[in-house]
Amino acid sequence: MSSAILFTAPPLPTPSINRSTLSFTAAASSASNFPPTPDKLAILLDKSNSIHHLLQIHAALLRHGLHQHHILNFKLQRSYSSQGRLDYSLALFNRTRNPNIFFYTSIINAHALHGLSQEALFIYTQMLYEGVQPNEFTFSSILKSCSLEHGKMLHSQVIKLGFDSDLYVQTGLVDVYARGGDVGSARLVFERMPEKSLVSLTTMLTCYAKHGELKEARLLFDGMVKKDVVCWNVMIDGYAQHGMPNEALVLFRRMLAAKARPNEITILAVLSACGQLGALESGRWLHSYVDNNGIRVNVRLATALIDMYSKCGSLEDARLVFDKIYDKDVVAWNSMIIGYALHGFSHDAIELFNEMCRMGLRPTDITFIGVLGACGHAGLVEKGWSFFNAMRDEYEIEPKIEHYGCMVNLLGRGGRLEEAYELVKNMKVEPDPILWGALLGACRLHGNLELGEKIAEYLVSHNLANSGTYILLSNMYAAKGNWEEVARIRTLMKDSGVRKEPGCSSIEVNNRVHEFLAGDLKHPKTEEIYRMLEEMNGWLKAHGYTPQTEIVLHDIGDEQKEQSLEVHSEKLALAYGLISTQPGTPIKIVKNLRVCSDCHAATKLISKITSRKIVMRDRNRFHHFVNGSCSCGDYW
DNA sequence: AGATTTACTA
């Protein structure tokens, strides 16, 4: 940020003569209003709601020698800013001699509101340099747009100048520490506040929610006597953004029960939760709630709907929403492209990408996640390479680790392991465990023990191994029948203290999401579920199905291994789906990890036996099981 | 005569 940029004022507006200008001028210069007094101009300024009016008044100020009038300039500047014309605002500020604290505060606030924090800070320091003392209003404005480091410096100035007992300033400080990730300091300032407003409570609530401290957040939330839509939103979104989507949904229902009125932001958060859960019924209900309650479906809301529908398995509905957006932005295109990719409709995803480019929109890094993912699901290696190269060469987007991940998946699927390994070795960014996991997964798929061992060893020795590393490696040895190595890996995993992330599957029935962990006995219908499970096993055996006991990582007998497979979360959810939905209707299941290969094989067969379509979303993509086969073509 | 704080979609 240089002063040259900031203080080179754009040319002052030259009012143009048009209809509205003429009538306005006529009003301003009618006999009783002429010459305009500052009072009258102030009233006009407060009433003005268009940039034309503001320019007219500005012209009047200049014509009548009022262009150094502090209050009028202040008001004019504020109106320019609120019309989004920060350039006029700043020009006016720079042409006003010796701006006072009101003017300084207001121009700082305007920059802060427009996200121009560097500029806001620069003006603030300029103000200090000019010898103008900040007050509590200035602090609450400047605190919005500063880093933790600057926040600390401002905090000491706040104390020095004695504004630390001001409610607004305190709230601003809590917010600064919260945004800077210093939850402890935020809490300290917060707890020292003698009086806490709804806003300051919400600020602290946001702090907890943003940093994943949902228990603390909920405690604070439950203690709030007065709740407005904002604090409901913070709490619901906190759950949605931290892997607790069901809690978000449950809280949303309580919000409705408490007669609080959701707004667009509430809906965005809850749609995200529905998407994560695959809760299509709830998502549809929300969509109709939006339509029935006068909430405008703008491009953001529409995008959230697309995301929800595609994650809930209804690409058709996603497309309907997409087609209705008249001002599609790149985010909307991205989510539709990703939707197609997620479902394995790779060619549609790529076609949509081309269409988007034809419309003149510039793809972003997220767009490439979509098309590279699409290539991966369809095994389009050359196409993938051309996207990957175009990304850098044509669109000047530096590939991120996620893009390398897509490429590794793609090359891995095509069996081009060495190529994938070379890519990883030569990339400029540091590989992360997810990327290594993708490569390791490819090694397992093609039985390339040599490379797999090399990678796993590297990961273990660098303390980068996660549960997936051990499991993949163990599966590789198991596939080769090397049971000693399987046992060794198991011990290694135990010693490392790494625990497997528990698999969790969920299914939505009657607007409620039912979650299952492996071997879960918590569901009220547990008995019926397990009876169904037995029946399913009977069907599978009758069709000559052999459980894939070799993928079980525990040191137990074969029979117990079979039993441990039988109660996998996917199968529990499936069993519950079979007993609680109408015959012939599709069953939709969501799993938090990748679907296990035994469950995948079993589900294929069950789709055939029961003549039901089973849609399963795992961490990576959708699997549509129909009549004994899966849309992923057994690669995932 | 004049002002400041909370929530946000891949």
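First the proteins, then the strands, lettered A, B, ... as listed; each starts at 1.
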task: Give A/Asp237 one of three labels, base, sugar-phosphate or nothing, depending on what nucleic acid heavy atoms sit under 4.0 Å from its own.
output: sugar-phosphate

- prompt: Which of these nucleotides, B/dA3, B/dT5, B/dA7, is closest to any side-chain atom of A/Val234?
  reply: B/dA7

task: Say whether A/Tyr309 and A/Arg319, considering side chains only, have a donor N or O and an acceptor N or O under 3.5 Å apart.
output: no

field: Centroid under 5.5 Å and tilt under 30°, A/Tyr168 to B/dT4
entry: yes

query: Do A/Gln170 and A/Ser200 get their side chains close enough for a donor-acceptor pair, meaning under 3.5 Å?
result: no

message: Ignoring hydrogens and geometry beyond distance, is the side chain of A/Ser141 in donor-acceptor contact with the base of B/dT4 at under 3.5 Å?
response: no

query: Atom CD of A/Gln170 and atom C1' of B/dT5: how far apart are they, to the nearest Å?
result: 11 Å

Shortest side-chain distance from A/Asp307, nucleotide among B/dG2, B/dA7, B/dA10: B/dA10

Modelled atom types, side-chain donor and acceptor of A/Arg187 and A/Tyr208, under 3.5 Å: yes

query: Quick one: are A/Thr202 and A/Met224 in side-chain contact, heavy atoms under 4.5 Å?
result: yes

message: Within the 4.0 Å heavy-atom criterion, would you say A/Thr303 contacts the bases, only the backbone, or no part of the nucleic acid?
response: base

task: Go through B/dT5, B/dT4, B/dG2 for me and flag the one nearest to the A/Ser140 side chain.
output: B/dT4

field: Length of the CE-C1' vector between A/Met224 and B/dA7, whole Å
entry: 12 Å

- prompt: Do any of residues 96-104 of chain A sit with a heavy atom less than 4.0 Å from DNA chain B, and if so which?
  reply: A/Asn100, A/Phe102

message: Side chain of A/Lys75 only, heavy atoms from C-beta on: which candidate in B/dG2, B/dA10, B/dA7 is closest?
response: B/dG2

- prompt: Has A/Lys144 got a side-chain N or O lying under 4.0 Å from the OP1 or OP2 atom of B/dT4?
  reply: no

message: Over all strands shown, is A/Ser106 touching base, sugar-phosphate only, or nothing at heavy-atom distances under 4.0 angstrom?
response: nothing

field: Donor + acceptor pair across side chains of A/Asn135, A/Thr138 (<3.5 Å)
entry: yes

query: Are the ring centres of A/His111 and A/Phe122 closer than 6.0 Å?
result: no

query: What integer distance in Å separates A/Met235:CE from B/dT6:P?
result: 20 Å

message: Please determine whether any donor N or O and acceptor N or O are separated by less than 3.5 Å between the side chain of A/Asn135 and the base of B/dA3.
response: yes

statement: A/Ile265 atom CD1 is separated from B/dT6 atom C1', nearest whole Å, by 10 Å

message: Before we go on, tell me: are the rings of A/Phe388 and A/Tyr404 under 6.0 Å apart, centre to centre?
response: yes

task: Describe the nucleic acid contact of A/Lys210 in one word from base, sugar-phosphate, nothing, applying a heavy-atom distance below 4.0 Å.
output: sugar-phosphate

- prompt: Rounded to the Å, how far apart are A/Leu92 CG and B/dG2 P?
  reply: 18 Å

- line: Closest of B/dA3, B/dA10, B/dT9 to the A/Leu268 side chain is B/dT9

query: Which is true for A/Asp39 with a 4.0 Å heavy-atom rule: it touches a base, it touches only sugar-phosphate, or it touches nothing?
result: nothing

statement: Among the nucleotides B/dT5, B/dA10, B/dA1, whichever has the atom closest to the side chain of A/Ile71 is B/dA1

Whole-Å gap separating C1' (B/dT5) and CZ (A/Arg179): 11 Å

Euclidean distance, atom CG of residue A/Leu352 to atom C1' of B/dA10 [Å, nearest integer]: 14 Å

- prompt: Side chains of A/His403 and A/Asp365: is there a donor and an acceptor less than 3.5 Å apart?
  reply: no

field: Whole-Å distance separating the CG atom of A/Leu198 from the P atom of B/dT6
entry: 12 Å

